[in-house]
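Report on the following structure.
None of these values were measured; they are calculated from a predicted model.
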Amino acid sequence: GTVLALAPATVELVQAPAWLERDGRSQPLAPGMELRNGDLVRTGPGARAYLMLAEGSRVKLGESARFNLHNRNLHPEKSFSGALDILAGAFRFTTGKLKKSVPRDLAIRVGTATIGIRGTDIWGKTDRDGDLVALIEGRIEITRAGQATEMSQAMSYYDAPQGKDATVKALDLETFARLARQTDIVAGDGAAALRGQWKIIAGAAEDQAAALKIYDEARNAGFSTRIRLTTAAEAG
């Protein structure tokens, strides 16, 4: 019989607008979507997305992020083998509390820096000013321009400004809170979950063409949308 390979990651929460790009096609990112090898996840301004790796680690993406996934393991639920690429924006990678001992052959690339993960909680960002990687818990090794830096001090960060040498500094709680907010979805942010309690009606239309126009506009803007037929009585 055919063995169906488990998806290396699934979409957990989305604060739109966000998109999944696969095989040259773009579609709005929605909770429950399975991510495949080579998929690109993109978030828009003010957006966030939470992705759950099959082995129990969570990746949080901040706004205007571009994220690429490469998994080499046929059993991604047992351990993740491959690379996570942060091409733009901010991210946080956190392993599940019970999954800290899962063997991972995982590289996270953040701009010009490559992180070898033995850590359990890291935050990073890449933009035109340079790259930053914060170690919240665990141990990591960062390689940049052939220079390797071991980091094992919790609450420290690796600062690599564009065109300059990298330095490791202490991460104070106030700075950490500011960084974490860039990738966190908090109550009131308006995020979509698989079993969310609320829905937003983007518009009502009298005919199919008008309904499809609203649908297409919402999806192109990065909002996962459905069309629902209602009777005149329901529409009130």
Which pair of heavy atoms, one from Arg72 and one from Gly82, lies closest together, and at what distance?
NH1-CA, 3.6 Å
CG on Asn68 to CD on Glu21, rounded to 0.5 Å
10.0 Å
If hydrophobic clusters are built by linking Ile, Leu, Val, Met, Phe, Trp and Tyr wherever their side-chain heavy atoms come under 4.5 Å apart, do Ile115 and Leu84 end up in the same one?
yes
Atom pair NZ/OG1 of Lys169 and Thr175 - distance to nearest 0.5 Å
10.5 Å
Treating Ile, Leu, Val, Met, Phe, Trp and Tyr as nodes and any side-chain heavy-atom pair under 4.5 angstrom as an edge, say whether Leu132 and Val168 lie in one connected cluster.
no
Side-chain touch Ile108/Val110, heavy atoms, less than 4.5 angstrom
yes
Are any of the side-chain heavy atoms of Arg42 and Ser26 separated by less than 4.5 Å?
yes
Does Leu69 reach the side chain of Pro8, with side-chain heavy atoms less than 4.5 Å apart?
yes
Taking the side chain as every heavy atom from C-beta outward, state whether Glu34 and Leu6 have any atom pair closer than 4.5 Å.
no
Worked verdict on Arg48 versus Asp184 for salt bridge (charged side-chain N to carboxylate O under 4.0 Å, His left out)
CA-CA 7 Å; Arg48 304 279 187 276; Asp184 277 355; over 6 Å; no
Would a single hydrophobic cluster contain both Ile136 and Leu173, if residues Ile, Leu, Val, Met, Phe, Trp and Tyr are joined by side-chain heavy-atom contacts under 4.5 Å?
yes
Assess the residue pair Ile142 and Val133 against the criterion (side-chain contact (heavy atoms from CB on, under 4.5 Å)); give the C-alpha distance rounded to whole Å, side-chain angles, the decisive distance to 0.1 Å, and a yes or no.
CA-CA 9 Å; Ile142 300 179; Val133 175; 3.9 Å; yes
Could you check whether Arg92 pairs with Asp121 (Lys NZ or Arg NE/NH1/NH2 to Asp/Glu carboxylate O, under 4.0 Å)?
yes
Hydrophobic cluster identity match, Leu61 and Leu106, side-chain contacts under 4.5 Å
yes
Tightest non-hydrogen contact, residues Ala134 and Leu171, listed as CB-CD2, 4.0 Å
Where do Pro17 and Ala47 come nearest, in terms of heavy atoms and distance?
O-CB, 3.1 Å
CG (Leu51) and CZ (Phe91) are apart, to the nearest 0.5 Å, by 12.0 Å
If you measure from CD on Gln162 to CG on Asp131, what distance do you get to the nearest 0.5 Å?
7.5 Å
Minimum side-chain heavy-atom gap Gln182-Lys60 below 4.5 Å
no
Atom of Glu63, atom of Gly46 and distance for their closest heavy-atom approach:
OE1-N, 2.6 Å
Rounded to the nearest 0.5 angstrom, the CG-CG distance for Leu53 and Leu35 is 9.0 Å
Where do Leu87 and Thr126 land on the side-chain contact (heavy atoms from CB on, under 4.5 Å) test, with the steps shown first?
CA-CA 7 Å; Leu87 306 168; Thr126 180; over 6 Å; no
Under a 3.5 Å threshold, yes or no: a donor from one side chain and an acceptor from the other, between Ser57 and Glu55?
yes
Side-chain heavy atoms of Val59 within contact of Tyr50, under 4.5 Å:
no
Working to the nearest 0.5 Å, report the span between CD1 of Ile140 and CE of Met151.
5.0 Å
With distance as the sole test, does Asp127 use its side chain to make a donor-acceptor pair with the main-chain N or O of Asp129 at under 3.5 Å?
yes
Check the side chains of Thr112 and Arg144 for a donor-acceptor pair under 3.5 angstrom, ignoring hydrogens and angles.
yes
Under 4.5 Å between side-chain heavy atoms, hopping through other hydrophobics if needed: is there a path connecting Tyr157 to Met155?
yes
Any side-chain heavy-atom pair from His70 and Asn37 closer than 4.5 angstrom?
yes
For Val14, run the side chain to side chain contact (heavy atoms under 4.5 Å, CB included) check against Thr43, Ile185, Leu29 and tell me which one passes.
Leu29
For Ala90 and Ala65, which heavy atoms make the closest approach, and how far apart are they?
O-CB, 4.3 Å
Do Trp123 side-chain atoms and Leu179 backbone N/O form a donor-acceptor pair below 3.5 Å?
yes
Close side-chain approach of Thr149 to Tyr158, heavy-atom, < 4.5 Å:
yes
